[in-house]
Structure formats: structure tokens, C-alpha cells
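It should be emphasised that the depicted structure is a prediction, and the values quoted were computed from it without experimental measurement. Just so it is clear: chains get the letters A, B, ... in the order the sequence lines come, proteins before strands, and each one is counted from 1.
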2 protein chains.
Amino acid sequence: MSERELRRSMSVLPMGTVITLTGLTARQIRYYESQELISPNRSASNHRLYSLNDIDRLLLIKDYLESGMTIQDIKHLEHKQQAKDQLSDSAARKLLQSELMRSGGLINPHHKPLH
Amino acid sequence: MSERELRRSMSVLPMGTVITLTGLTARQIRYYESQELISPNRSASNHRLYSLNDIDRLLLIKDYLESGMTIQDIKHLEHKQQAKDQLSDSAARKLLQSELMRSGGLINPHHKPLH
DNA sequence: GATTTGATGTTAGATAATCTAACATCAAAA
DNA sequence: TTTTGATGTTAGATTATCTAACATCAAATC
């Protein structure tokens with residue numbers, strides 16, 4: 001993980017900050033958690049702690065809901081996007097691998113010796 | 001102000017987050033404020049609210065103190081740096097102005113007509 | 001060596017923030 | 001008409017933050 005991604009994934013923001021940054025109410029934020037759209041970490045004293053990535057995610061959820069989508073819609077949409085991302089990852093891996101092979105940097109993982 | 005600078009100057013982080021991000025104690029953070037090294041905003045209910053710029057500033061202060069400097073040293077150092085920055089700003093303005101003049105984009109602010 | 005100063009620790013008492021759980025509302029879907 | 005989905009509101013308990021004061025302790029000063 002990059003330094004930037006590490007910072008963005010640090011869970012340090014309490015509820016009040018999230019309310020300010022998203023314009024959502026505590027009730028909404030906790031409800032989305034109960035519906036498993038987000039799963040913030042907790043402090044040692046059981047207070048929710050959010051990351052900048054969580055903020056982005058909540059703003060996205062807010063947009064989806066304001067556009068008329070339901071929470072179930074959002075969950076389904078994200079399942080599809082996740083599947084698509086995995087396909088992309090798979091394609092990217094294959095591309096990278098063939099590039100490395102062409103440049104002689106790696107052995108073909110499926111290579112069988114021509115005895 | 002750029003969008004980035006705007007975000008970095010937003011006062012949204014309460015004391016607990018600052019403690020986590022800087023490794024300082026509440027006592028230290030408040031003491032630096034009493035010594036006028038920082039001046040965080042306050043919420044409507046009188047709680048301190050810090051920005052990302054404040055975090056950077058506190059980390060810098062921490063480094064200075066750990067290097068053996070005293071708080072007065074830091075204040076003097078920053079006065080000098082501020083003066084230097086202003087000089088730089090002045091120099092930058094003059095440079096920009098002469099560039100604009102050469103390209104004919106601006107009238108010499110000190111021009112006197114050759115009646 | 002004794003005293004002062006600078007930075008930080010600790011505590012007490014008051015107020016604010018967050019937590020869970022429950023009941024309320026209200027428009028839209030069934 | 002009833003159910004569902006999303007949100008509001010409230011109560012009681014716990015945690016976080018606030019100010020102010022007193023304590024500590026090494027380093028500078030007298």
C-alpha cells in the first residue's frame with residue numbers, strides 16, 4: 001500500500017467530524033453501518049473511528065440515495081462493480097505477465113519443457 | 001485558495017484525533033497554544049478543532065523540541081522565516097512584474113510620462 | 001548549592017460527545 | 001390497507017474535552 005493510501009485508510013475520525021464532512025446525521029451513518037454498507041473501526045472505548053476512505057464512501061452513498069436508489073440497490077451495484085474490478089485485475093495481471101515474458105524478465109508460469 | 005489548501009485548512013479534527021496523529025499529549029498541545037505557537041478554532045461548544053495544516057505544524061514543533069530547541073527559539077526561528085518568505089514574495093512580485101512588462105502585458109507602475 | 005524557569009504530568013469538577021436501544025414518523029411499495 | 005425503508009427523537013450510560021490548579025523535574029541562572 002502506498003503512503004497516500006495508508007493515510008487515507010487510517011481510522012482516526014470520530015462521529016462528529018464525519019457528520020461535519022458528509023452532512024449526514026449520526027442516525028443515517030449508523031443505519032448504513034447496520035445495513036453493512038460501511039464497517040468503521042472502533043476505539044478502545046467503543047467509539048466509531050472513520051477513515052478518509054470511509055468519508056468518500058459515505059458521500060457516494062449519500063449521492064446514490066439522493067438519486068433515488070435504495071440501500072439494496074447500492075449493495076447490488078457494488079457487488080457488480082467488484083466483480084468487474086476483479087476481471088480488470090485479472091486482465092491487468094495477464095497483460096503484465098506477457099509484457100514481462102516478452103522482455104525476458106520472467107519464466108512462463110505455464111511453460112512445459114520441450115524434452 | 002486552491003481546493004487542496006481549503007481542505008487542509010478546514011478545522012474539523014478534535015483533540016483525540018490530534019493526539020493520535022501527532023503522538024503528543026493533550027497537555028502538550030494545549031501548552032503550545034498557550035505559548036501562541038498554534039491557535040486552533042473552536043466549535044460552538046468550545047471544543048478545539050484542528051486542521052491538517054495544524055497537524056503538520058504540531059509535528060514540526062515536536063521535531064524542533066526533540067532537537068533541543070526551546071519554544072522561544074521556535075518562535076524566533078519562525079519570525080525570521082516569515083521575514084524571509086516576505087522577501088521572497090517581494091522578489092517574486094518584482095520578477096513577475098518585469099516579466100509582464102517585457103511582454104507588454106502591463107504598464108510600469110512607477111512610470112512617469114516623458115512630457 | 002539554592003532558586004528560578006520551562007516543559008510536562010496529574011487531578012478534580014463541569015460540560016459535551018458518543019454509545020445502544022427503543023419507540024415514532026411518514027412516504028412509497030406491496 | 002398494511003408493510004417496508006429510511007430517518008427522527010429520546011433516555012440513560014459511558015467517554016471525551018474543557019478549565020484551573022497544583023506537582024514534578026531537569027536545566028538554566030543566581
In this structure, how many angstroms lie between the P atom of dC19(C) and the CG atom of Leu49(A), rounded? 9 Å
Gln72(A) CD to dA30(C) P, straight-line distance once rounded to whole Å: 13 Å
Separation of His47(B) atom NE2 from dT15(C) atom P, in whole Å? 12 Å
Look at the side chain of Arg42(A) and decide which nucleotide, out of dT20(C), dT18(C), dA6(D), has an atom nearest to it. dT20(C)
Using a 4.0 Å heavy-atom cut-off, does Ser43(A) contact any base of the nucleic acid, only the sugar-phosphate backbone, or nothing at all? nothing
side-chain N/O Ser45(B) vs dT17(D) OP1/OP2, d < 4.0 Å: no
Are Arg57(B) and Glu78(B) within salt-bridge range, i.e. N to O under 4.0 Å? yes
In whole Å, what is the span from the CD1 atom of Ile61(A) to the P atom of dA6(D)? 12 Å
Under a 3.5 Å cut-off for both distances, is dC22(D) Watson-Crick or wobble paired, and to whom? dG9(C)
For Tyr32(B) and dA7(C), is the shortest distance between a side-chain N/O and OP1 or OP2 below 4.0 Å? no
Let me know the distance between CZ of Arg27(B) and P of dA21(D), rounded to the nearest Å. 12 Å
Measure the distance from CD1 on Ile19(B) to P on dG9(C) and round it to the nearest whole Å. 11 Å
Need to verify one output field. Residue with the more 5' nearest nucleotide on DNA chain D, Met69(A) or Met15(B)? Met69(A)
The side chain of Arg30(B) is closest to which nucleotide in this list: dT18(C), dT19(D), dG6(C)? dT19(D)
From Tyr64(A) OH over to Leu59(A) CG, what is the distance, rounded to the nearest 0.5 angstrom? 12.5 Å
Exam field: side chain Lys62(A) to backbone Leu24(A), donor-acceptor pair closer than 3.5 Å: no
Tell me which of Gln28(A) and Asn46(B) sits closer to the 5' end of DNA chain D, going by the nucleotide each one is nearest to. Gln28(A)
Given atom CD1 of Ile71(B) and atom P of dA27(D), what is their separation to the nearest angstrom? 17 Å
Checking dG8(D), dT8(C), dA16(D) against the side chain of Tyr31(B) (C-beta onward), the nearest is dT8(C)
Report yes or no: does Thr17(A) contribute a side-chain atom to a donor-acceptor pair with the main-chain N or O of Leu13(A) at less than 3.5 Å? no
Between Ser51(B) and Asp54(B), is there a side-chain donor-acceptor contact under 3.5 Å, judged purely by atom types and distance? yes
If you check every side-chain atom of Arg48(B), which of dA7(C), dC18(D), dA16(D) has the closest atom? dC18(D)
Measure the distance from CG on Leu37(B) to C1' on dG6(C) and round it to the nearest whole Å. 13 Å
